[in-house]
Participant: 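Pasting a structure below so you can have a look.
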Number of protein chains: 2
Amino acid sequence: MPLEVPEVVVGRLPIYARGLASLLEQGREVVSSQELGDQLGMTPAQIRKDLSYFGRFGKQGRGYNVRRLAEELRQILGIDREWTMALVGVGNLGRAILSYGGFMPQGFRVVEAFDSDPSTTGTKIGKVVIKDVSELRRTLSRVPVDIGIVAVPADSAQEVIDALASCGVKGILNYAPMAPHLPSGVLIQRVDPALSLQCMTFYLKSQPAAAK
Amino acid sequence: MPLEVPEVVVGRLPIYARGLASLLEQGREVVSSQELGDQLGMTPAQIRKDLSYFGRFGKQGRGYNVRRLAEELRQILGIDREWTMALVGVGNLGRAILSYGGFMPQGFRVVEAFDSDPSTTGTKIGKVVIKDVSELRRTLSRVPVDIGIVAVPADSAQEVIDALASCGVKGILNYAPMAPHLPSGVLIQRVDPALSLQCMTFYLKSQPAAAK
DNA sequence: GTATGTGAACCACTTCACAGCA
DNA sequence: TGCTGTGAAGTGGTTCACATAC
């Protein structure tokens with residue numbers, strides 16, 4: 001079944017999952033690729049094609065059962081179980097990641113947090129006591145986590161990434177504005193709003209001046 | 001010159017710009033596509049091809065002048081001037097956006113901030129006094145901004161987006177986890193770490209268990 | 001009648017490989 | 001000799017359009 005699913009397709013699955021969750025809340029039981037596409041801003045053909053990589057979930061002439069498809073997608077994505085995470089860097093950014101719910105979907109739990117600032121280490125945010133980064137290797141070697149979150153400045157990000165990787169972390173969410181070099185076998189996802197802004201202006205600058 | 005540059009290419013320009021800035025700091029004067037590629041984790045051919053959409057910046061047998069190319073890219077991207085922004089939503093997330101420098105590259109300045117919470121409005125963060133959202137239309141109609149940042153909960157994001165668009169905002173950075181419907185002519189960039197996490201687990205779940 | 005699932009056609013992006021220039 | 005710039009080839013993704021099933 002996992003016969004070479006294009007990466008872009010995988011990237012769209014969480015969007016479908018979210019759309020379906022929203023329909024489910026509204027009490028919808030069935031949805032067509034057309035409707036879902038309208039809601040999410042994608043073409044029906046693309047949705048059908050994407051889903052076809054994983055199975056046949058719809059009924060011709062009718063559409064998809066919302067609850068069923070949502071559940072299938074959660075399983076396919078692996079978000080039907082819990083994942084543990086370690087946060088490194090508890091400055092303004094790290095603190096927001098911890099306390100702002102929107103960045104941490106259901107099923108993802110930060111179980112360790114590290115910082116190098118002595119005035120931060122030892123304090124507690126939510127249920128997590130912040131440890132000194134010097135304890136990172138020891139802590140994560142004992143109790144490994146699935147995913148690491150890098151929220152340190154760019155110039156110390158590489159060593160943090162190396163440390164996480166050496167502790168068996170297989171996935172990293174990287175907020176540091178830098179290009180990481182990583183051991184193979186480790187997956188990294190970058191979160192970098194600065195890049196988004198900087199390419200947005202490419203299109204804005206050539207646009208006609210703002211209308212009223 | 002702007003003869004259909006692929007969107008993916010534009011998306012990579014800020015990465016090049018950042019890599020060059022870093023080389024410049026290190027005092028490097030010349031760089032080959034090979035070296036830059038190694039640094040950024042991309043192939044030399046891709047870098048050369050991308051740059052070729054905009055001109056001929058290199059010297060055969062030698063490479064690219066770092067300072068020159070960095071400057072060209074800043075101009076191409078439009079990040080050689082200042083852009084004004086309005087932030088909507090000053091909760092945990094919005095506050096972090098304002099105070100954490102990494103999300104706001106050089107040249108992007110938040111000049112207005114709005115929230116609906118009466119205990120937040122009227123206070124000042126940095127140089128910006130937070131206004132009530134009810135004043136958004138009035139304020140931005142008077143003094144328009146280039147870009148809006150949406151940092152409100154998903155269920156109020158659509159109305160914020162509509163309001164921003166109606167005030168002539170041409171670009172939106174959307175932190176709300178939802179699929180926006182937007183008036184044509186408005187560019188939106190989504191920042192959504194939750195999606196990144198949720199597609200990362202697709203790959204993690206099929207991986208061998210974490211090594212020591 | 002209606003909407004899925006899917007080969008085939010199309011389009012877009014990446015990589016190759018080499019001519020051309022310093 | 002070394003590295004750029006670029007057509008051409010190759011790869012990957014999207015869209016079409018229709019047979020198929022309800």
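Chain A is the first sequence line, chain B the second, and so forth, proteins listed ahead of strands; every chain is numbered from 1.
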Participant: Relative to each other, are the rings of A/F54 and B/F202 parallel, tilted or perpendicular (30° and 60° limits)?
Facilitator: perpendicular

Participant: Between B/R109 and B/E82, is the closest basic N to carboxylate O distance under 4.0 Å?
Facilitator: yes

Participant: For A/T43 and A/R62, find the nucleotide of DNA chain D closest to each by heavy atoms; which residue's nucleotide sits nearer the 5' end?
Facilitator: A/T43

Participant: From D/dG5, C/dT6, D/dT4, pick the nucleotide closest to the side chain of A/S52?
Facilitator: C/dT6

Participant: With nearest nucleotides of DNA chain D determined for B/G58 and A/R12 from heavy-atom distances, which residue corresponds to the more 5′ nucleotide?
Facilitator: B/G58

Participant: Are the side chains of B/V143 and B/L140 in contact, using a 4.5 Å heavy-atom criterion?
Facilitator: no

Participant: Answer yes or no: is there an ion pair linking A/E72 with A/R68, defined by an N-O contact shorter than 4.0 Å?
Facilitator: yes

Participant: Hey, are A/R137 and A/D162 close enough for a salt bridge, meaning a charged N less than 4.0 Å from a carboxylate O?
Facilitator: no

Participant: Does D/dC3 have its OP1 or OP2 closer than 4.0 Å to a side-chain nitrogen or oxygen of B/S32?
Facilitator: no

Participant: Looking at B/S33, I'd like to know whether one of its side-chain N or O atoms comes within less than 4.0 Å of OP1 or OP2 on D/dC3.
Facilitator: no

Participant: Going by the side-chain contact (heavy atoms from CB on, under 4.5 Å) test, name the single residue among A/V30, A/L36, A/V31 that passes it with A/V66.
Facilitator: A/V31

Participant: From CD1 of B/I47 over to C1' of D/dT6, roughly how many Å is that when rounded to an integer?
Facilitator: 16 Å

Participant: Nearest-Å distance, CG (B/D50) to P (C/dA12)?
Facilitator: 16 Å

Participant: Between B/Y64 and D/dG5, does any side-chain N or O lie under 4.0 Å from OP1 or OP2?
Facilitator: yes

Participant: Using every non-hydrogen atom in the two residues, find where B/V90 and B/D115 come nearest and quote the distance to one decimal.
Facilitator: N-OD2, 2.5 Å

Participant: Is the distance from OP1 or OP2 of C/dT6 to the nearest side-chain N or O of A/R56 less than 4.0 Å?
Facilitator: yes

Participant: Send over the distance from A/F54 CZ to C/dT4 C1', rounded to a whole Å.
Facilitator: 17 Å

Participant: Could you state the CG-C1' distance from B/L36 to D/dT4, rounded to the nearest angstrom?
Facilitator: 14 Å

Participant: Between protein and nucleic acid, restricted to nucleotides 16-20 of chain D and to nitrogen or oxygen atoms under 3.5 Å apart, what atom pairs and distances do you find?
Facilitator:
from   : atom 1 : to    : atom 2 : distance (Å)
D/dA17 : N6     : A/R48 : NH2    : 3.4
D/dT20 : O2     : A/Q60 : NE2    : 3.1

Participant: Please report, rounded to the nearest Å, how far the P atom of C/dT6 is from the OH atom of A/Y53.
Facilitator: 11 Å

Participant: Rounded off to whole Å, could you give me the CD-to-P distance for the A/E7 and D/dG12 pair?
Facilitator: 12 Å

Participant: With the side chain of A/V8 defined as its heavy atoms from C-beta on, choose the nearest nucleotide among C/dG5, D/dT14, D/dT4.
Facilitator: D/dT14

Participant: What integer distance in Å separates B/Q34:CD from C/dC16:P?
Facilitator: 12 Å

Participant: Between B/Q46 (CD) and C/dA12 (C1'), how many Å, whole number?
Facilitator: 13 Å

